[in-house]
Amino acid sequence: MSRSLRIAHLYPELLNLYADRGNILTLCRRCEWRGIPVEVEEVTAGDPLQLARYHLVLLGGGSDREQEIVARTLVAERTEWADAVAAGLPVLAVCGGYQLLGEYYELPGGDKVPGLAVLDLQTVAGEPRLIGNIAIESPVCGTIVGFENHGGRTRHRHEPLGRVLAGHGNNGEDGQEGVRYLNVFGTYIHGPLLPKNPRLADWILQTALDYAGIPADLAPLPDELERAAHEAFLARRITPEPARA
Amino acid sequence: MWIGKCTAFLLRLAGRRATSLPGQVALRFSPRLLAKLGQQLEWCIVVTGTNGKTTTANLLAAILRTEGPIVHNAEGANMTQGIVTALLQHTDWLGRLRVRTALFEIDEATLPQVAPHLPVRVAVVTNVFRDQLDRYGEVDGTLAKLVSGLKKTEAMLVLNADDPLAHHIGVTSGRRCAYYGLARDHAGEPQRRQMRDGAFCLSCGEPLHYDGYFYGQLGLYKCLACDFMRPMPDFLGRIEHDTIEIQQNQLPRVRFQLPTRGLYNVYNVLAAISAARVCGFNADQIAKGLAAYRSPVGRMQVFRTSPVSVLNLIKNPAGCDSVLQAVGAEPGDKVLWIAINDQAADGRDVSWLWDADFEQLAEDRRIQFIVTSGMRAEDMALRLKYAGVPVDRLRAVPDLDAGLSEAFTVSRQLGGLPLYCLATYTALYPTAQWLERSVSPVVPLSAHRPSVS
């Protein structure tokens with residue numbers, strides 16, 4: 001196999017609030033362990049964006065101020081984004097990056113920060129912040145666990161990434177978390193989402209490899225530690241619902 | 001004055017530590033208080049610089065106390081109010097200072113304000129770190145403050161010869177200087193994360209050439225364009241096992257037990273010994289003082305367990321990285337135990353583990369095994385796996401007691417390797433207590449130290 005999987009880490013200097021590198025590290029290692037060549041390119045705010053170069057794009061989370069800067073940069077490239085997403089470009093967008101994929105982020109005063117509008121998705125700032133451990137059930141890759149910390153309430157008309165088992169999710173009301181649309185994955189589960197969720201990591205990798213046209217059979221890896229961390233989190237950090245407790 | 005004393009009294013009554021507030025309150029009522037109290041001192045030593053002020057001053061205080069009580073802002077309250085608070089503690093209700101010798105750790109920016117009011121006879125500059133100065137964009141500003149502060153004294157300077165920035169202060173101050181530094185054979189290649197901090201010659205602006213590095217910009221530097229170069233240290237330190245041998249010019253060499261660990265702490269010890277010698281203390285007093293020093297909990301804190309263990313607090317990526325570097329700088333093979341809790345005081349979210357540079361553990365072949373514990377033992381083990389640590393050198397044991405026992409068992413099986421313990425805040429104190437209980441009185445520390453070579 002000569003071609004390598006090319007991953008773009010977008011605006012790491014602005015959207016890297018918390019450990020987004022954990023997700024990239026996980027994708028890289030899981031490729032390396034299977035002998036799949038992989039390259040990561042960091043794209044900073046001033047660089048020309050060439051979405052066609054990549055097989056997977058990661059958009060992380062940032063503070064409100066940083067997110068606004070990114071929003072201004074991104075909106076100029078709306079058409080390119082719409083075309084790439086329609087063509088099936090895999091995108092993993094977390095927290096702030098997730099919100100940016102939608103039409104707008106409405107600030108507390110009513111001002112709307114426009115997003116990329118590649119998804120039929122709207123976010124409104126709310127109080128209090130939705131913080132804590134979360135577990136969701138995804139029809140495609142089972143339980144996904146992690147930590148959420150967001151002020152925004154998001155609603156959309158697509159498939160969710162999963163159904164909330166414990167925690168808040170998109171808006172704390174409809175029991176949905178994240179989004180799946182074509183090959184776009186969005187979620188509020190921030191930071192190291194992928195290490196403890198190896199099935200999700202492999203699902204995203206498979207999607208990216210298919211998109212890249214790289215024939216690859218994602219052979220199972222010895223994931224004992226990954227599963228142990230996943231199970232320990234479910235057992236110790238996800239409080240059972242009061243009815244069942 | 002008595003307003004300050006009353007504040008201190010009330011704070012202590014309320015069970016609070018009174019390190020700055022009494023001085024702050026007193027200064028509001030009597031702005032000349034520092035001058036009034038300072039002029040009653042006969043002898044004052046100050047310690048300033050970017051890193052190591054508190055440890056250096058505490059080590060030096062332990063030595064000075066072998067001759068009698070001193071005024072000392074021991075808890076690191078190093079601005080004007082902290083200094084006044086320390087003075088007030090030794091003042092009677094008539095405003096008379098009962099102790100005439102003082103040792104103050106002083107913030108670089110505070111030095112020019114307080115120096116004129118104190119009879120500073122000796123001033124120690126530990127180091128001036130470029131990385132921090134770069135961040136604040138005021139390398140020249142901080143150096144100028146240090147120089148102007150020192151010019152307002154009659155002090156003799158005790159300076160780090162290996163730090164070009166501290167040396168520059170010596171050159172421009174016009175004061176008499178004594179330099180301390182490490183022996184050449186301790187120098188190594190630049191370390192990965194510190195390569196960015198290459199220093200420039202402050203005399204002519206050319207990049208400095210290095211024959212070797214100790215850490216950061218500390219090393220064997222010389223300017224190829226002018227005559228600025230590392231001075232020959234008046235106090236030369238050579239580390240061997242857990243001792244430091246001091247060579248003072250042509251005098252016979254003297255060996256002291258190191259009371260702390262980590263290369264950055266060796267510099268603090270060297271600074272304290274040099275300053276004590278400059279103040280006229282002899283080797284016996286220095287040895288007695290160093291033996292009396294107790295390092296704070298979780299800062300390369302050594303426990304005479306079997307095998308020996310060293311405890312460190314980790315709580316955020318930057319601090320964790322410097323602890324990992326300090327552990328990496330320790331000689332020989334070793335075993336690690338890392339305890340990660342996620343209670344409120346630790347932070348509920350442990351995402352930061354992925355921002356810390358645990359990759360340096362994977363690259364260090366001398367780390368033979370790592371046991372992880374705490375409520376997030378599995379997360380920590382997973383982080384290490386993705387950092388590149390082989391899975392067969394990793395074990396997650398969530399229970400703290402069981403994990404520590406396991407780590408000691410592994411250490412013994414591997415021939416008595418030292419155990420380095422890293423713990424988040426809520427795991428730190430239970431760990432310190434566990435290690436304290438396990439201290440074996442019969443085994444000397446040196447029996448478990450691997451050799452430097």
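This is a predicted model, so every value here is computed, not measured. Letters A, B, ... are given to chains in the order of the sequence lines, protein chains preceding strands, and every chain is numbered from 1.
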Which bit of B:Met380 is near chain A, if near means a heavy-atom gap under 4.5 Å: side chain, backbone, both or neither? neither
Considering only heavy atoms, which portion of B:Pro398 lies under 4.5 Å from any heavy atom of chain A: side chain, backbone, both, or neither?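 For B:Pro398, side-chain heavy atoms alone lie under 4.5 Å from chain A.
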Within the supplied structure, the quantity of interest is the number of heavy atoms (other residues, nucleotides, ligands) at a distance under 6.0 Å from [X] [atom1]; does it exceed 12?
X	atom1	answer
B:Tyr425	OH	no
B:Arg412	CZ	yes
A:Arg227	CZ	yes

So which residues of residues 168-176 of chain A are in contact with chain B at a heavy-atom cut-off of under 4.5 Å?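 Residues of residues 168-176 of chain A touching chain B at under 4.5 Å: none.
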Under 3.5 Å, is there a donor-acceptor pair between the side chain of B:Arg376 and the main chain of A:Phe233? no
CE on B:Met375 to CZ on A:Arg237, rounded to 0.5 Å: 6.0 Å
Which one wins on heavy-atom pair count under 4.5 Å against chain A: B:Ala377, B:Ala396, B:Pro317, B:Ala387?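 The candidate making the most pairs under 4.5 Å is B:Ala387.
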Non-hydrogen contacts under 4.5 angstrom with chain A: give the residues of residues 388-395 of chain B involved, or none if there are none.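 The stretch touches chain A at B:Gly388, B:Val391, B:Leu394.
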Closest non-hydrogen atom pair between [X] and [Y], with its separation:
X	Y	answer
B:Tyr386	A:Leu25	O-CD2, 3.7 Å
B:Trp354	A:Gly22	CE3-CA, 3.5 Å
B:Ser351	A:His190	OG-NE2, 3.6 Å

Any side-chain heavy-atom pair of B:Lys385 and A:Glu226 under 4.5 Å: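 Yes, their side chains come closer than 4.5 Å.
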Is it the backbone or the side chain of A:Asn23 that comes under 4.5 Å from a heavy atom of chain B, or both, or neither?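 Looking at A:Asn23, nothing touches chain B.
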Ion pair B:Glu359/A:Arg21, N-O distance below 4.0 Å: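 Answer for the salt bridge query: yes.
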